2 protein chains.
Amino acid sequence: MPSMDVTGHISGLGEDAPHHAAASGASSERRSKTGAVSIRDVARAAGVSYQTVSRVINDQAGVKPATRDSVRDWIDRLGFRPNQAARALARGHTRAVTVLTSNTTLYGYAATLQGIEEAARASGFSVGIRVLDSPEPADVKATVEREVDPAVGSVIVIAFDVAGVHALRSMPPGVALAAAVEASEATRRHPYPCVWVDDRTAAAEATKYLLGLGHQTVHYVAIPYLTQVSDRAAGWRTALREAGVRVPRAVRGGWTPQSGYEAGRKLAADERVTAVLCGNDDLALGVLRAMREAGRDVPSDVSVVGFDDAPQSEFYAPALTTVRLDFVGLGRDCFRLLHAQEEPSHATARLIVRASAGPARRR
Amino acid sequence: MPSMDVTGHISGLGEDAPHHAAASGASSERRSKTGAVSIRDVARAAGVSYQTVSRVINDQAGVKPATRDSVRDWIDRLGFRPNQAARALARGHTRAVTVLTSNTTLYGYAATLQGIEEAARASGFSVGIRVLDSPEPADVKATVEREVDPAVGSVIVIAFDVAGVHALRSMPPGVALAAAVEASEATRRHPYPCVWVDDRTAAAEATKYLLGLGHQTVHYVAIPYLTQVSDRAAGWRTALREAGVRVPRAVRGGWTPQSGYEAGRKLAADERVTAVLCGNDDLALGVLRAMREAGRDVPSDVSVVGFDDAPQSEFYAPALTTVRLDFVGLGRDCFRLLHAQEEPSHATARLIVRASAGPARRR
DNA sequence: CTGAAAGCGCTTACAG
DNA sequence: CTGAAAGCGCTTACAG
């Protein structure tokens, strides 16, 4: 693979920008050691006590409008910004949530994070993020211990995989916690609230759809999971059994198109394979390529269905029939649930029929 | 588009998990109002002053090993976790960085975030994230004002777009700031350090590559940008001019495959179009589909080159020739730069030649 | 409507 | 090697 190199650069200044210049005309040039403008500086300038300033910045009632305006004015002029650490300490908590996840680039994870952030922002919460780079229980536990502070904020874990589930297990007691998980995890006994998408039912529906197209059976390329079978695999298997149809071995895949491609090559070599359900769209993309290379046309020779409905899947060749999961909504609900807000709307899954699956060939 | 609905659920318990049970055998059942174990609780249990506990948790030298062990032991038994807010307040700063970005799901952004998080974690920094949902200067400014606290932490802005650049412009003085930007932004005068990838050179190289394949000229589908031309567009145009070749109008696209598809339809209708460079891989994916639908084969009828090298692009049909940008490395460098760490390695861009571009037809 | 006091849980000099 | 004091910048009752 030929390549040309084009290097990028790093530019910058050696020094920090100067601190905010003191307001002109003010007699209150005194600054605390940190160099930042404090509530007392504002109070002095406005000629009130610092408690009044506190009331103003917290939008509390009971401040004479004229006083409030004057304080606000001085806040702007001095460039005052409340110190969040001091607030958190005095209040006993922060409006903050930290999300633990093993990944930030895979579509499902990124979209869930987006939903969490959206909801958190709407509620005035700040959001922290920490990735679990190793799925080893000891590593996950160490990260959790280091990162989670029950006294300071709440936590959400995106537990679509082993690392996430371990994080849930090693969470110290007393932390405000919510999780986004697979259905089977949600139904199990646990001391935290969680949101989930019913992968199992969705996978069963997709399988039935394929069977309804006349395929003798449906093959499955699995995403990794901690237990032998994930919910998606379970839904697929159940649908096959209920239809009284042969249940093939699931092919184990990873999270990437590459692993889908490898799985697809095996499947393509088997003449009997006419329909394959994939654990996610990336896997499906790899399978699509494997089929193409093997000269097996999709959908006339083999039907392929994905999972997730990533934004790109509609443009694959052919357009991918897939199960749409509302990850953004899931993340949003997860945050709302954590903070006991009402109307936690449903996370929904539905099959989006496009061009990658079609009727089985007549034999 | 037919669909079947499969609803998901929310499960959970009404109450929080109980707080950590008090250690057995300890005579120090007294807890502060917050209910959390404090440094004083540990000190009392271990029979030392709380300053000593502070030394232990900060790994400071000058504590007798036996004392240290005893304190550590009590920390574990009582489940003590230092309150980060109190630490931040006492220290005058936090080991925290908050990243401002307009998006968390697009590949380039997500990968940059990943790099930042990696580097931050390695340095013991926590990372916060805030998305700039509106590109309006006033909205961006409001978010910055609300979110950024010079006294508490540093900030990184991912400024690949208008929103990010506005965030940079409205940053209050005195904050420790670094940015990931386009080259033209980096070379301009600014009071903060930044990392950048040389998009301009990379785009020029890609254009020359296409010209070298014998194409009369190269068309360009642009990603959005604040100014008339982005660096990528500028590099493309310059290469064309230097080759003394006709410079077509750039087609304005968005960030999505859909917008690439729309741009692609226009291009496909023009017989003279035989080579198109796209501002990102998603755009290229849309162009690929438009060409296919128009019956124009890629690469024999028209060559298509992308930008970014998202993990999926290798599996597109045909495999996409594209410019690989090391976003993860860029994010990592950005964090290191912010904290003045040495060896800020280069972010590199290089053309990855695959199957979507080929020789021009002989006329 | 506004102010004086106490305290949130740590760290940072300063003593000993 | 260890302890007593002061203080980080706020908020939260409590007075007036």
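Predicted model only: the values in this text are computed from it and were never measured.
- In secondary-structure terms, DNA chain C builds stems of at least 3 consecutive Watson-Crick or G-U pairs, each pair having both distances under 3.5 Å, at C:1-3 with D:14-16, C:5-12 with D:5-12, C:14-16 with D:1-3.
- Counting to the nearest Å, the P atom of dA6(C) and the CG atom of Leu89(A) are 18 Å from each other.
- A heavy-atom distance below 4.5 Å is found between the side chains of Glu147(B) and Ser126(A).
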Worksheet entry | Protein-to-nucleotide contact annotation, 5' to 3' order, nucleotides 10-16 of chain C [B base; S sugar-phosphate only; - none; under 4.0 Å, heavy atom] | BBB----
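- Remark: Ala159(B) pairs with Val157(B), Val165(B), Leu168(B), Val181(B) by the side chain to side chain contact (heavy atoms under 4.5 Å, CB included) rule, at least two apart or across chains.
- Contacts of Asp73(B) classified as side chain to side chain contact (heavy atoms under 4.5 Å, CB included), with partners at least two apart in sequence or in another chain: Arg77(B).
- In terms of phosphate contacts, Thr67(B) brings no side-chain nitrogen or oxygen within less than 4.0 Å of OP1 or OP2 of dC1(D).
- The side chain to side chain contact (heavy atoms under 4.5 Å, CB included) search around Thr67(A) returns Val48(A), Thr52(A), Val63(A), Lys64(A), Val71(A), not counting sequence neighbours.
- With a 4.5 Å cut-off on side-chain heavy atoms, Asp59(A) and Arg68(A) count as touching.
- By the 4.5 Å heavy-atom criterion applied to side chains, Ile39(B) and Pro82(B) are not counted as neighbours.
- Residues Thr143(B) and Arg130(B) have side chains in contact (heavy-atom distance under 4.5 Å, counting atoms from C-beta outward).
- The CG atom of Asp69(B) sits 15 Å away from the C1' atom of dC1(D) (whole-angstrom rounding).
- Legend: residues meeting side chain to side chain contact (heavy atoms under 4.5 Å, CB included) with Asn58(A), ordered by chain and number and at least two apart, are Ser54(A), Gln60(A), Arg87(A), Arg91(A).
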